[in-house]
Amino acid sequence: MNLERELLKPPNMVPRQSLKLLQKESTNSAGNRTYVPPTSSRNGVKASTMNYHEPIFLLVILSTDVLNACYRYAKQLLPQHGVLKDYELNGKFIHTEIVRDGYSARATNLQQFEAINR
Amino acid sequence: LLTRSTVGVQEVFIYASSHQEQIENYIRQSRWTPIARACPFSSLEFIKVSNARSIGDFLRDLDKRNVIEGDFVLVHGDLVSNISLDKPLAAHRARKEANRDSIMTLVLREGGEDEHRTQVKGITPVFVVDPQAKRCLHYEEINPFQSEHYVGLDPELLKTPELEIRTDLIDAQIVRTSATCFTRSIIVFMSKRPALA
């Protein structure tokens, strides 16, 4: 695996402003040359090499204010699910039957489902 | 299926959104296949829908096929329940005979004032119920990421003599619906459709 990492070093062409991936090549140790197009170099493209097999972890910490803002924005864009208005039923009625005895729940995972069924 | 067998369900229709073949193979090899003697159901059918993305899509497909006549129970596959449906079924039929516009009954389990272990974590369901008529007048979910924890009520609702606003009800998502009014009942899921039969 290490030998493969050494042989395969893909250079990634990333502009500094937008971080958009423009070019990606795989070069080996024998032909270790990277072609950078002239138009890209004028736009501030830098060539960086990173190991192909190493994963990149990005940790983003958001405050509750950012989450609230995202939630409000998504609530405006997305249709309202789970909200029932009486006037939307075209004169039809939905009733409720509230029971106090018995067990009723949805199992959230397989272990819980197995435990409840036993 | 064990839950459904204990409440006297005879016919079962299974919609699977994913892993349809694995579920079907498991059912065919288990005691729930209608061929087996131990199977309490008279029929068990799998219905495949390729482009369904929600319960509404499944219900629309079920309505097109005309495979159900009479009342039916709509549940999720992961529901575990031993609630007897005799009383809700009798109440639903009595309401339907009195008024044909009573198309659906939600079966809810009371969770009590304290935190119940089967209550939904995160989202708080809010039911506005008329206790006399047992009508569900408004339903809304409060998300924990909401900055304001308020419920918006239609002023028309305040004309009802008695209202109960409850957050302690455990929604096990058991719905008893009338197939005779089913074409109209699916407007709950498809409010964008302009005209309904």
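Convention: sequence-line order gives letters A, B, ...; per-chain numbering from 1.
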Between B/Leu108 and A/Val99, is any pair of side-chain heavy atoms under 4.5 Å apart? no
Would you find more than 12 non-hydrogen atoms of other residues, nucleotides or ligands less than 6.0 Å from B/Arg65 atom CZ? yes
Taking only residues two or more places apart in sequence, or in another chain, which ones meet B/Arg95 in a salt bridge (charged side-chain N to carboxylate O under 4.0 Å, His left out)? A/Glu97
Do you know which two heavy atoms are closest between B/Ser102 and A/His95, and how far apart they sit? OG-NE2, 3.1 Å
Okay, B/Asp130 and chain A: the region with an atom under 4.5 Å from a heavy atom over there is neither
Just so I understand: if I count every heavy-atom pair under 4.5 Å between each of B/Lys134, B/Lys87, B/Arg166 and chain A, which residue has the most? B/Lys134
Given A/Phe93, which partner from the list B/Ile103, B/Thr105, B/Asp101 fulfils the side-chain contact (heavy atoms from CB on, under 4.5 Å) test? B/Asp101
Interatomic distance, B/Phe127 atom CZ to A/Ile98 atom CD1 [nearest 0.5 angstrom]: 8.5 Å
Donor-acceptor pair, B/Arg109 side chain versus A/Arg100 backbone, under 3.5 Å? yes
